[in-house]
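Scope of the values below: all heavy atoms of this structure, side chains included, with no hydrogens, waters or symmetry mates.
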Amino acid sequence: MSKGYVIVAVKSIGKVDYLRHAMALSASIKKHCAINQTCLVTNYKLTQEQQQLFDHVVQINANATEWTQNILNQIYLYILQLWALQYIC
């Protein structure tokens with residue numbers, strides 16, 4: 001998979017079913033986009049039918065709160081680097 005979409009659906013304590021949203025997004029991408037490869041990163045247990053909606057599925061064993069906070073920290077660092085580069089270059 002050289003080009004495509006990475007979809008993150010991490011089970012949380014709330015009532016939001018992120019897996020359902022991820023499946024709908026994957027179906028939409030496959031219908032409307034020329035580059036339509038999808039990869040799901042999740043800690044949900046998927047059925048065979050659900051797995052077929054994605055080209056690749058990466059199972060993670062993570063606490064949703066800790067994992068999400070770690071990802072957000074990495075995103076903030078990346079944005080900070082981009083912001084700093086405009087003043088350096």
Side-chain angles (χ1 to χ4, degrees):
M1 183 169 152
S2 59
K3 290 186 179 180
Y5 297 87
V6 176
I7 303 168
V8 179
V10 178
K11 190 184 302 184
S12 64
I13 297 172
K15 295 182 180 183
V16 178
D17 184 2
Y18 291 108
L19 179 58
R20 184 172 57 94
H21 293 279
M23 292 187 303
L25 178 58
S26 180
S28 178
I29 288 170
K30 292 191 176 300
K31 182 176 181 180
H32 298 289
C33 298
I35 298 172
N36 60 12
Q37 296 285 307
T38 58
C39 173
L40 176 67
V41 178
T42 187
N43 63 350
Y44 282 91
K45 302 291 183 204
L46 286 100
T47 65
Q48 191 70 14
E49 295 157 349
Q50 291 170 327
Q51 287 184 5
Q52 291 177 351
L53 294 171
F54 305 94
D55 297 299
H56 303 281
V57 175
V58 177
Q59 287 290 146
I60 59 170
N61 186 14
N63 177 300
T65 306
E66 292 173 12
W67 192 82
T68 304
Q69 188 60 48
N70 186 19
I71 291 296
L72 287 175
N73 287 340
Q74 291 179 26
I75 291 170
Y76 292 145
L77 283 173
Y78 178 72
I79 291 170
L80 183 60
Q81 289 172 356
L82 291 177
W83 176 79
L85 280 176
Q86 69 183 344
Y87 295 104
I88 295 170
C89 298

- Query: In Å, rounded to the nearest 0.5 Å, how long is the span from CG of Asn36 to CD1 of Ile29?
  - Reply: 8.5 Å

- Message: Holding to side chain to side chain contact (heavy atoms under 4.5 Å, CB included), I want the full list of residues that pass it with Gln48, two or more places apart in sequence or in another chain.
- Response: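 Side chain to side chain contact (heavy atoms under 4.5 Å, CB included) list for Gln48, sorted by chain: Gln51, Gln52.
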
- Asn43 side chain to Lys11 main-chain N or O, any donor-acceptor pair under 3.5 Å?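 Answer holds: yes.
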
Please give me the minimum heavy-atom distance between [X] and [Y], naming the atom from each residue.
{"X": "Ser26", "Y": "Leu53", "value": "OG-O, 2.7 Å"}
{"X": "Phe54", "Y": "Leu46", "value": "CE1-CD2, 4.4 Å"}
{"X": "Gln37", "Y": "Lys30", "value": "CA-NZ, 4.5 Å"}
{"X": "Gln59", "Y": "Tyr44", "value": "NE2-O, 3.0 Å"}
{"X": "Thr42", "Y": "Ala9", "value": "OG1-O, 2.6 Å"}
{"X": "Ala22", "Y": "Ile7", "value": "CB-CG2, 3.6 Å"}

- Query: Is there a side-chain contact between Tyr5 and Leu25, using heavy atoms and a 4.5 Å cut-off?
  - Reply: no

